[in-house]
Amino acid sequence: MSDERENSGYHPEQVESKWRERWKQRGTNAPDLDRPGSEPFYNLMMFPYPSAEGLHVGNMFAFTGSDVFGRYQRLRGKTVFEPIGYDAFGIHSENFAIKMGIHPGELIPRNIANFRRQLERVGGMFDWRHTVDTTDPSYYKWTQWLFLQLYKAGKAYKKKAAVNWCPTDKTVLANEQVEGGLCERCKTPVEQRVLEQWFFKITDYAGRLLDNIDGLDWSDSTRGAQRNWIGRSEGAEVDFPSPAGTLRVYTTRPDTIFGATFMVLAPEHPFIDALTTPVQRGAVDAYRAEALKTDLVARRTGEKSKTGVFTGGFAINPATGTPIPVWIADYVLMEYGTGAIMAVPGHDERDFAFATKFALPIIRVIAAPGESASTPLTEAHHGHGVLVNSGPFDGVSTAEAPRKVTSWLKAKGAGEGKTLYRLHDWCISRQRYWGPPIPIIYCEACGPQPVPEQDLPVVLPPIEDFRPDDSGVSPLARHREWYHVACPKCGKQGRRETDVSDTFLDSAWYFLRYPSTEFTDRPFDKERTKRWLPVATYIGGNEHAVLHLLYARFITMVLKDLGHLEFEEPFLRFRAHGMIVKDGAKMSKSRGNVVIPDEYINKWGADTFRTYLMFLGPLGDGGDFRDDSVSGPRRFLERMWLLVGDAGDVSVGPGVPPGLLAKWHRAKQRATEGMESLRYNTAIAALMELLNAVKDEGAHPRALVDEMIVMLAPFAPHFAEECWERMGHATSVFDARWPAFDPALLIESTVEIVIQVNGKVRSKLTVARDADEATVLAAALVDGATKKFLAGREPKKRIYVPGRLVNLVV
RNA sequence: GCUCGGGUGGCGAAAUUGGCAGACGCAGCGGACUUAAAAUCCGCAGGGGCUCACGCCCCGUGGGGGUUCGAUCCCCUCCCCGAGCACCA
C-alpha cells in the first residue's frame, strides 16, 4: 500500500525512521535549558488528554501547527524549548475507565504510551526530558502545594453553596461547565444541590484579569471571550428605604432613577417575609415555592415571559420620595448584584414587559431628539437623549447624567458608584476519584488543617471501587485507612478531605512545570523560570479560550503576588487553531467520519501528512479533510527530491537567470510572511511556485536548493534533514538559518504596466523598472490596443501608479 | 437579542489591504511515454456569448446602494453561515 511512486527514489518510512533515531542520538531536540546557545523561545501547545483512541487528526493539526512555528523560530536562531505532556486526570478519563471496566490507573499509562509513540512518529520537536503527566504523584504533589499556597493566602475557602450537580456524572460542575442548563460533558440537565465546596477567589482578580487583556498579543475573538466572561458593569448601588429595612439595588443606569416605578426582588431575597402583607401572604408563598422548586438553571433557560407577584409592601424611591410597590419575580437573580432591582419600565425591556403584564405605571425619563416628556412610550427606549421628568436633572444629557445622578445620590447618603463583575469564584471541589486529593485534614478540636508541605503528596489511594455515587461524597471516603489520619496540629484522629480538585487546576500551571521537571524539591526552579517564562507563543484550541486560559492567568497572578513569580501574564502570544472537519461535519465516532492519522502516515509518510495539513488553509481556520488532496503535497516533495538529486550533480551551473533571481527572493519574502502570520498555506505555496520557476528556467543553483530545503524543514523535517545531508551538509538542517531576502532584488528589471481605459484593462506594456511617468504615459498613448479604445478621444485624466498601471479617462 | 469572526471557480484557497480577481494545490479535460494501465511529463481550464479561425465582447468576489479614475478591500443597508454570551438590572 505504501509506495507506488518509485521513480524518485523517495521512501518516507526509511527517511523518517532514520532521522527519528538520529535526532535521539544527537539530542537535536533537547536544548540545554541552563545554557541556551541563543535567545530562549518557549513554544507551547496545549497538552492533550490521552484518550484510548489515540491522537486524532485534530490533535495532529494543532501540534503540527505549533511545531512548525517552533521549528521556524529555531531556524531564526532561537533556542527553542518545545515540550509536551498529558492532561490525564479528570472526569473524561474516569468515565471512560468506568465504561470499559478498567481502573484508570491501569488505562491511562497504556494510553500515554500510545500517545507518545504517535507524537514521536509525527515528527514533533519535543523535548522528551521535560514532559509532564498530571496523574504522576511527582506532578500532583505540586498541584496540591499550589492549593496550599492559595489556602494560606486566604484565596481558597470552603462554603456551603448551591452548586451545579450533574446526576449522571454524580459530581459538582463549575458554572463554566454548565451549558444552557446541561452538563457540558454528558448533556444531562443540571440540578442544584447545597454542598460544602472549595472555592478559589478568582473574583478578587476580576479587575486585573480584565485590564491586562488589553496588553496581550492574543486574537480578538479570544480576548473578547475573556472580557465577556469576566463581564464588568459600571453602575451604582442605591438604597430604597422600606419597612423591612434599607433595600439596596444595583443599577447600571442610575440616571433613570426618576422613572423607577416599582421594585423587584429575587424569590430568595431575605426581605420578602418582612415586606409581605397578610393579604398577599398566600400568593407570595406559593410563588416562592414554585420558583425555588424550579432550579436556577431551569429559570435561566426557561421561556422568557414574565411572572411575578406583588408583596403588598412599598419602598421609597430616594430620588422622588414616592412610595413604590415591591414585587418578586424570578427574572431577578439572587446571585448577581444585590438580588433586587429598581424597575424602570420606560427604559428597560424586561421591566417594560413586566409593567405591561401587571399594569404598573411607565414613566418616560429620557427624550431623544424630537421627543418630549410627554411623548408616549410604546416600547422600552434605551437610546441616548436628555433627561425629562427627572426633577433637578431635566435637560441633562444621558452622556453625563449617570455620573451626576450618582454623586447627587451619594451626597444624600442614598447610594454610591459600584463596579460589578459577572465572574464567580472558581469551585474546584469534585466528588470523584480520579484527581489530586485536596490536601486538607479535618480535626474535631483544631478545625480544618492544611497538610504540612513535607507530607505532600497526598497520594491518591488505589481503590477498587472508584465509581461515584449519589451521596455527594467522593468515593475516597470509602477507603477507611486513607480517610482516617492524625491531625497535623494536635495529633488526635482526624479525617481527610475526600474531594479531589478540578482538572482545570492541573492544567492551570503545567507550563510552569515543564522547564523544571527534574527538580523534585520545588515546583519550578527560579532560574529556569526566569530564563524561559513567560511563554513566548501558545497555540491551542478555541474551546479553551475562556476557562483554561482564565484559570492559568489567575494562578499565575496569585503566584506572582505570593512572590513565586516575577510576571503575571503567562502567555505573551496566544493563537487559536481552527478545527479539522470531514466532509463539512465535525468528526465523531457516531458519524463514522473519524480520520485515523496512523493510516495516513503509513500511506504517505509523516512529512507529507504534515505538509498537507498545513497547506489546507490558515492555521486559525482549520479545514476540511479530503483524502484525494494529500497527493499534491506528496508530489511536491517528490519533485523536490529530484531537484536535490540534480543539484548534487556537477553539471549544475552557478549562474542565476535574472528572472529567477527576483522570483527566488519574492518566494523567501512570502514564505517568511506566511510563517510569521501562521498562514503556512501561503508559505508552502510560495515554495511550490519557486520550484515551478526553477523548472521553467531550467536552472537550479546550489544556494537556491539549500535555501528551499531550509524553508521546507518546518513542514517536512525528516525529509529536509535527508535532503540536507544529500546536499553534503554534515550538521542538522535545524542548525542552519532561515534565509534572508533582499528587498532590492524583489523587483525585476522590467515591469509590466497595465493600461486601463475608463478603469477597464485594455492593454499591457513592458517598461523598464525605473521608467518615469512621462515615458510610460507616452508609450501608453501610442499603444495599438489602447488607441483603439480611446477611439481618437483625448484623455481628460491620466492616472499613473508607478510600476503598476496607467488609467486613461475619456 | 448582544459581541466577535466569515461569505471569492466543481473543491481547499490566494490577492503586496484601493490597482491585471482566482496564485498554489485537488479534482477535471487534451496530449506524450506505454502492448495496456499506474506513475511521470507537457498543455488547457471562472461563467456566458460571437468567430471557420487568430481573436474579440459581456458578466463575475452573498444581495442592493454609495464614495472613487479604479472596490474582493472603504461607507450605508439587507441576507446567510460559524463561534461565544444570553432575563447580569
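Residue numbers start from 1 in every chain, and the chains themselves are labelled A, B, ... in the order their sequence lines are given, proteins ahead of strands. Since the structure is predicted, the reported quantities are computational estimates derived from the model, not experimental observations.
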Span that lies between the [atom1] atom of [M] and that of [N], in whole angstrom:
{"N": "B/rC11", "M": "B/rG64", "atom1": "C1'", "result": "29 Å"}
{"N": "B/rG18", "M": "B/rC56", "atom1": "C1'", "result": "29 Å"}
{"N": "B/rU72", "M": "B/rC20", "atom1": "C1'", "result": "14 Å"}
{"N": "B/rC52", "M": "B/rG62", "atom1": "C1'", "result": "41 Å"}
{"N": "B/rC26", "M": "B/rG82", "atom1": "P", "result": "30 Å"}
{"N": "B/rC75", "M": "B/rG48", "atom1": "P", "result": "34 Å"}
{"N": "B/rG65", "M": "B/rC59", "atom1": "P", "result": "14 Å"}
{"N": "B/rA15", "M": "B/rG7", "atom1": "P", "result": "12 Å"}

Can you tell which of [options] lies closest to the side chain of [X]?
{"X": "A/Asp330", "options": "B/rG25, B/rC87, B/rA89", "result": "B/rC87"}
{"X": "A/Thr252", "options": "B/rG12, B/rA89, B/rA23", "result": "B/rA89"}
{"X": "A/Thr251", "options": "B/rC4, B/rA89, B/rC24", "result": "B/rA89"}
{"X": "A/Ala685", "options": "B/rA23, B/rA89, B/rA14", "result": "B/rA23"}
{"X": "A/Ser631", "options": "B/rC26, B/rA23, B/rA86", "result": "B/rC26"}
{"X": "A/Leu333", "options": "B/rG25, B/rA89, B/rA86", "result": "B/rA89"}

Open item on the list: Apply side-chain contact (heavy atoms from CB on, under 4.5 Å) to residues A/Asp348 and A/Phe354 and explain how you reach the verdict.
Closed with: CA-CA 10 Å; A/Asp348 179 281; A/Phe354 195 83; over 6 Å; no
d([atom1], [X]; [atom2], [N]) in whole Å:
{"X": "A/Arg679", "N": "B/rA14", "atom1": "CZ", "atom2": "C1'", "value": "10 Å"}
{"X": "A/Lys306", "N": "B/rA89", "atom1": "NZ", "atom2": "P", "value": "14 Å"}
{"X": "A/Asp628", "N": "B/rG25", "atom1": "CG", "atom2": "C1'", "value": "11 Å"}
{"X": "A/Arg635", "N": "B/rC41", "atom1": "CZ", "atom2": "C1'", "value": "12 Å"}
{"X": "A/Asn692", "N": "B/rC42", "atom1": "CG", "atom2": "P", "value": "9 Å"}
{"X": "A/Asp696", "N": "B/rC41", "atom1": "CG", "atom2": "P", "value": "13 Å"}
{"X": "A/Asp624", "N": "B/rA13", "atom1": "CG", "atom2": "C1'", "value": "13 Å"}
{"X": "A/His424", "N": "B/rC85", "atom1": "NE2", "atom2": "C1'", "value": "14 Å"}

Open item on the list: Show me the dot-bracket string of RNA chain B, counting Watson-Crick or G-U pairs under 3.5 Å, with | for pairs to another strand and [ ] for crossing ones.
Closed with: (((((((..(((......[....))).(((((.......))))).(((((....)))))..(((((..]....))))))))))))....
Open item on the list: I'd like to know if A/Asn807 reaches the base of B/rC69 with its side chain, counting only an N/O donor and acceptor under 3.5 Å.
Closed with: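 Present.
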TODO: Find which nucleotide of RNA chain B each of A/Thr338 and A/Thr682 is nearest to by heavy atoms, and output the residue with the more 5' nucleotide.
DONE: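 Closest to the 5' end, via its nearest nucleotide, is A/Thr682.
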Open item on the list: Taking the nucleotide of RNA chain B with the nearest heavy atom to each, does A/Gly224 or A/Leu420 sit closer to the 5' end?
Closed with: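 Looking at RNA chain B, the more 5' nearest nucleotide goes with A/Gly224.
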TODO: Describe, in one word, how the ring planes of A/Phe625 and A/Tyr600 are oriented to each other, choosing from parallel (under 30°), tilted (30 to 60°) and perpendicular (over 60°).
DONE: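 Perpendicular, since the angle between the ring planes exceeds 60°.
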At their closest point, which heavy atom of [X] faces which heavy atom of [Y], and how far apart are they?
{"X": "A/Arg223", "Y": "A/Leu216", "answer": "NH1-O, 3.2 Å"}
{"X": "A/Phe574", "Y": "A/Ile539", "answer": "CE1-C, 4.3 Å"}
{"X": "A/His269", "Y": "A/Gly339", "answer": "CD2-O, 3.4 Å"}
{"X": "A/Pro714", "Y": "A/Val68", "answer": "O-CG2, 3.4 Å"}
{"X": "A/Ala683", "Y": "A/Gly674", "answer": "CB-CA, 4.3 Å"}
{"X": "A/Thr311", "Y": "A/Val326", "answer": "OG1-O, 2.7 Å"}

Just to confirm, is there a sub-4.0 Å distance from OP1 or OP2 of [N] to any side-chain nitrogen or oxygen of [X]?
{"X": "A/Asn228", "N": "B/rC4", "answer": "no"}
{"X": "A/Tyr331", "N": "B/rA89", "answer": "no"}
{"X": "A/Ser233", "N": "B/rA89", "answer": "yes"}

Check nucleotides 28-32 of chain B for protein N or O atoms closer than 3.5 Å to its own N or O atoms and list the pairs.
none

- [ ] State the syn/anti category of B/rG10 according to its glycosidic angle, syn meaning within 90° of 0.
- [x]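 Anti conformation here, the glycosidic angle of B/rG10 being more than 90° from 0.
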Open item on the list: Taking the cut-offs as 6.0 angstrom to the six-membered ring centre and 45 degrees off its axis, would you call A/Lys306 and A/Tyr331 a cation-pi pair?
Closed with: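 Yes, A/Lys306 sits over the ring of A/Tyr331.
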- [ ] Decide, yes or no, whether a salt bridge links A/Lys668 with A/Glu707 under the criterion of side-chain N to carboxylate O below 4.0 Å.
- [x]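 Salt bridge: yes.
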Task: Residues A/Glu234, A/Arg253: salt bridge by 4.0 Å N-O rule - done: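 Salt bridge flag = no for A/Arg253 with A/Glu234.
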With a non-hydrogen cut-off below 4.0 angstrom, is [X] in contact with a base, only sugar-phosphate, or nothing?
{"X": "A/Ile799", "result": "base"}
{"X": "A/Arg639", "result": "sugar-phosphate"}
{"X": "A/Asp351", "result": "nothing"}

Open item on the list: Can you list everything that forms a side chain to side chain contact (heavy atoms under 4.5 Å, CB included) with A/Asp696? Sequence neighbours excluded, please.
Closed with: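 Here no residue qualifies.
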